[in-house]
Amino acid sequence: MGMSMMKGKATFFLLLLLPVFFSVGYAREEERGERGRGEIFLLQHSKQVFQTDAGQMRVVRGLRTKGVESPMHIGFITMEPNTFFIPQYIDSNLIIFVHEGEGKIGRISHGRQLEEGQLKVGDVYRIPAGSAFYLMNNGKDQRLQIICGIDTSESIQSGLFQSFFIGGGSYPRSVLRGFDQTTLAAAFNVSSSELEDILIGQEGGPIIFVKDADHLDRWTSTWTELLKSEYRHRGVPSTTASYSLYDRKPDFKNNYGWSVAVDEEDFSALRHSGIGVYYVNLTAGSMMAPHVNPTATEYGVVLRGSGLIEVVFPNGTTAMTAEVDEGDVFWVPRYFPFCQTASMIGPMEFFGFTTSARKNRPQFLVGASSILHTMSGPELATAFDVSEERLQKLIDAQRESIILPSTPAVPENTQQQQANNGRRNLGFNYS
Ligand SMILES: *[C@@H]1O[C@H](CO)[C@@H](O)[C@H](O)[C@H]1NC(C)=O
Ligand SMILES: *[C@@H]1O[C@H](CO)[C@@H](O)[C@H](O)[C@H]1NC(C)=O
Ligand SMILES: *[C@@H]1O[C@H](CO)[C@@H](O)[C@H](O)[C@H]1NC(C)=O
């Protein structure tokens, strides 16, 4: 068991008092198995940032395209029950999404104010670059799984992110240890030996077990109360700004699935981040109709189920047809047409980030609300070099919009193939 309450109290004290600067970087590298060619929009470079018995963090790195590193990485944090992610700040903006379990988050806002709140499944929370925070899994016997968008556009080193641990000791190393002992002793007004006790004790890693999360919980609550009363008379409000993706009414829903997108109008914390968040739940075999994001690049993580992601190059050739499973990360550059289809085995849920917090209005190419539908007429028929009647017949055949059933495109033997290879086969093969 890593952390005594005394030590916890001390580190927390430090967290509140000192903005300091030193760096602790990536630990070790781990690449996921290389996939086939043509899966260029799957992000497959996964890096283990750290792993302990209490938890781990893995980062899927954004791609380097045309010599430019994508500024967005996707982080996966797993915390066992009764664990604590040591206070730190990061040189990148984090958008946190709770995939499983629940936990408590605390962060410093407005320079000194401690903002705390309980996060539950489906919640989204933003931690700005440079803002110190901690995470706690106080769920009784549930793992806490967090997926986060890591936007490195403000980071020290382009395309990388850096943690600065405030708490800690030997491992992780607290940034405080970078100061001269005498300086620090004077700054704290304590003896060097007293400081030593505090600054070398921790060796449990970035995520540690706590004997009693409830105790730590009560203790941090006391702190909040203290801070609140201090700030009440200064008129600074203490608010916990998380946003629930699952509790909200879907933006779109039909028999084949539903979707929700959160932008700066829904969740003002996104205004400063330039990042939007979305979630899609497709029933088995359904597809998000071919569409385009005119204003944003999209990153997606498959939360449950499996399916197919298709992306098309500007010149009308296939850029990617990739089978994806739970945990896979994909991205789709702005303007590139794409669609996602759930396997016949079961629903596919995915969630992700768009690089624009403004309303991103996807343009659908197929379906009742598509741009083809809107444009249909003699001009479009001429463009396709067919009669207007033929074109109209084609366009009118699909009555649904946005999320479509894929039944007509699935050949009769699909169920059989499914049984044979245990993976989905959608029977799409246009080329
Ligand atoms: C430092 O600690 C001593 C003894 O506890 C106390 O008398 C003194 O006022 C403190 N100095 C400051 C600047 O806090
Ligand atoms: C997604 O849909 C499936 C059924 O199609 C359902 O079992 C699941 O709970 C849904 N997920 C969420 C987060 O609502
Ligand atoms: C289409 O564009 C891609 C990507 O730029 C390129 O690799 C491919 O060769 C092009 N194909 C044709 C037929 O122009």
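It should be emphasised that the depicted structure is a prediction, and the values quoted were computed from it without experimental measurement. Any value given below was found using the heavy atoms of this structure, including those in side chains, with hydrogens, waters and symmetry copies removed. Numbers here are sequence positions counted from 1. Counting convention: from 1, in listed order, for ligands and their atoms alike.
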Problem set entry | S370 backbone acceptor or donor facing T374 side chain under 3.5 Å | yes

Problem set entry | Residue and atom name of the nearest protein heavy atom (relative to atom 14 (O) of ligand 2), distance in Å to one decimal | W258 CZ2, 3.4 Å

For this session: Indicate whether any N or O donor in one side chain lies under 3.5 Å from an N or O acceptor in the other, for E102 and Q118.
Result: yes

Exercise. Would atom 11 (N) of ligand 1 count as contacted, meaning some protein heavy atom under 4.0 Å?
Worked result: yes

Exercise. Between T297 (side chain) and R334 (backbone), is there a donor-acceptor pair under 3.5 Å?
Worked result: yes

For this session: For the pair S131 (side chain) and I108 (backbone), establish whether a donor and an acceptor sit closer than 3.5 Å, ignoring hydrogens and angles.
Result: yes

Exercise. Protein heavy atoms: any of them under 4.0 Å from atom 5 (O) of ligand 3?
Worked result: no

Problem set entry | Identity and distance of the protein heavy atom lying nearest atom 7 (O) of ligand 3 | F313 CE1, 4.5 Å

Exercise. Which of the numbered atoms in ligand 2 are below 4.0 angstrom from a heavy atom of E349?
Worked result: 1 (C), 8 (C), 10 (C), 11 (N), 12 (C), 13 (C)

Exercise. Taking non-hydrogen atoms only, is F351 closer than 4.0 angstrom to ligand 2 via side chain, backbone, both or neither?
Worked result: neither

For this session: For atom 3 (C) of ligand 1, grab the closest protein heavy atom and report residue, atom and distance to one decimal in Å.
Result: N189 ND2, 3.7 Å

For this session: Give the residue and atom name of whichever protein heavy atom lies nearest to atom 13 (C) of ligand 2, and the separation in Å to one decimal.
Result: Y279 OH, 3.2 Å

For this session: For ligand 2, find out whether one of its N or O atoms is nearer than 3.5 Å to an N or O atom of N281.
Result: yes

Exercise. Okay, side chain of S174, backbone of I166: is any donor-acceptor separation there less than 3.5 Å?
Worked result: yes

For this session: State plainly whether the residues R304 and D325 are in salt-bridge range, i.e. N to O under 4.0 Å.
Result: no

Seminar exercise, completed: A student checking ligand 3 against T317 at a 4.0 Å heavy-atom cut-off should list atoms 1 (C), 11 (N), 13 (C)

Seminar exercise, completed: of all protein heavy atoms, closest to atom 8 (C) of ligand 3 is N315 ND2, 3.8 Å

For this session: Evaluate the ring planes of H99 and F97, with Trp represented by its six-membered ring, and classify them as parallel (under 30°), tilted (30 to 60°) or perpendicular (over 60°).
Result: parallel

Exercise. Parallel under 30°, tilted from 30 to 60°, perpendicular over 60°: which one fits the rings of F313 and F41?
Worked result: perpendicular

